[in-house]
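One structure below.
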Amino acid sequence: QVQFVESGGGLVQPGGSLRLSCAASGFTFSIYAMMWYRQAPGKERERVATIASNGGSANYAESVKGRFTISRDNSENMVYLQMNSLKPGDTAVYYCTHLARSWGQGTQVTVSS
């Protein structure tokens, strides 16, 4: 069965950095594009970043472009999100997924002074 386990969230000051990790299992990881989504309180879940199956290309939401970097390790079935220059508006629960149908528990990111 498909599973995602996200980790690496926490409390960080504005301007700080965090690196999120996601361990995926239950499907052939290397043939799927992977995505990071986030959901802030009272808001709909939004896609933050997508990476191609071979890691050769990525795209980002305008709100995070230039600050976030998605990467993956197909040998370990892992996907990562490096987040720099964090803003209070980045506060949300972050999730990884391949088809936006199955979800893990997410990891909380709070940006506050």
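Predicted model, so just to flag it, every value in this text is computed and none were measured.
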> If two hydrophobic side chains count as joined below 4.5 Å and joins carry through other members, does Ile51 share a cluster with Val2?
Replying inline: yes

Under a 4.5 Å cut-off applied to non-hydrogen side-chain atoms, are Leu11 and Ser112 in contact?
yes

Separation between OG (Ser53) and CZ (Arg72), nearest 0.5 Å, reads 6.0 Å

**Message:** Applying a strict under-4.5 Å side-chain criterion to I, L, V, M, F, W and Y, I'd like to know whether Phe27 and Leu99 cluster together.
**Reply:** yes

Exercise. Report yes if some heavy atom in the side chain of Tyr37 is under 4.5 Å from a heavy atom in the side chain of Glu44; otherwise report no.
Key: no

message: Test of understanding: clusters of I, L, V, M, F, W, Y form through side-chain heavy atoms closer than 4.5 Å, transitively. Do Val109 and Val79 belong to the same one?
response: yes

For Asn54, the side chain to side chain donor-acceptor pair (under 3.5 Å) test, sequence neighbours excluded, returns none

Residues 1-22 vs side chain to side chain donor-acceptor pair (under 3.5 Å), sequence neighbours excluded, gives Ser17-Asn84

Side chain to side chain donor-acceptor pair (under 3.5 Å) filter on Gln108, not counting sequence neighbours, yields Thr110

Practice item. Give a yes or no on whether the ring-centroid distance for His98 and Phe29 is below 6.0 angstrom. Key: no

Are Val48 and Met78 connected in the hydrophobic side-chain network, where two residues link if heavy atoms are under 4.5 Å apart?
no

Applying side chain to side chain donor-acceptor pair (under 3.5 Å) to Asp90 and not counting sequence neighbours gives Arg38, Arg67

Heavy-atom nearest pair, Ala92 first then Ala40, reads CB-N, 3.8 Å

Original post:
Would you call Leu86 and Leu18 a side-chain contact if the rule is heavy atoms closer than 4.5 Å?
Top reply: yes

Run the numbers on Met83 and Val111 for side chain to side chain contact (heavy atoms under 4.5 Å, CB included), then give the verdict.
CA-CA 11 Å; Met83 305 186 298; Val111 184; over 6 Å; no

One should read off an interatomic distance between Ile70 CD1 and Leu81 CG, to the nearest 0.5 angstrom, of 6.5 Å

Under 3.5 Å: donor-acceptor pair, side chain of Arg45, backbone of Ala100: no

Residue set satisfying side chain to side chain contact (heavy atoms under 4.5 Å, CB included) with Thr28, at least two apart, ordered chain then number -> Ser30, Ile31

For residues 40-64, the ring pair (Phe, Tyr, Trp, His ring centres under 6.0 Å) pairs (sequence neighbours left out) are none

Per side-chain contact (heavy atoms from CB on, under 4.5 Å), Trp36 is matched among Leu20, Thr50, Thr97, Val64 by Leu20

Applied to residues 63-97, the ring pair (Phe, Tyr, Trp, His ring centres under 6.0 Å) test, sequence neighbours excluded, yields Tyr95-Trp103

Across all chains, not counting sequence neighbours, the salt bridge (Lys or Arg N to Asp or Glu O under 4.0 Å) partners of Lys65 are Glu62

Residue pairs passing the disulfide bond (SG atoms under 2.5 Å apart) test with at least one member in residues 11-107, sequence neighbours excluded, are Cys22-Cys96

Contacts satisfying disulfide bond (SG atoms under 2.5 Å apart) that involve residues 57-95 (not counting sequence neighbours) are none

Those residues at least two apart in sequence (or on a different chain) that pass side chain to side chain donor-acceptor pair (under 3.5 Å) with Ser102 are none

Hits for salt bridge (Lys or Arg N to Asp or Glu O under 4.0 Å) against Glu76, two or more places apart or cross-chain, chain-then-number order -> none

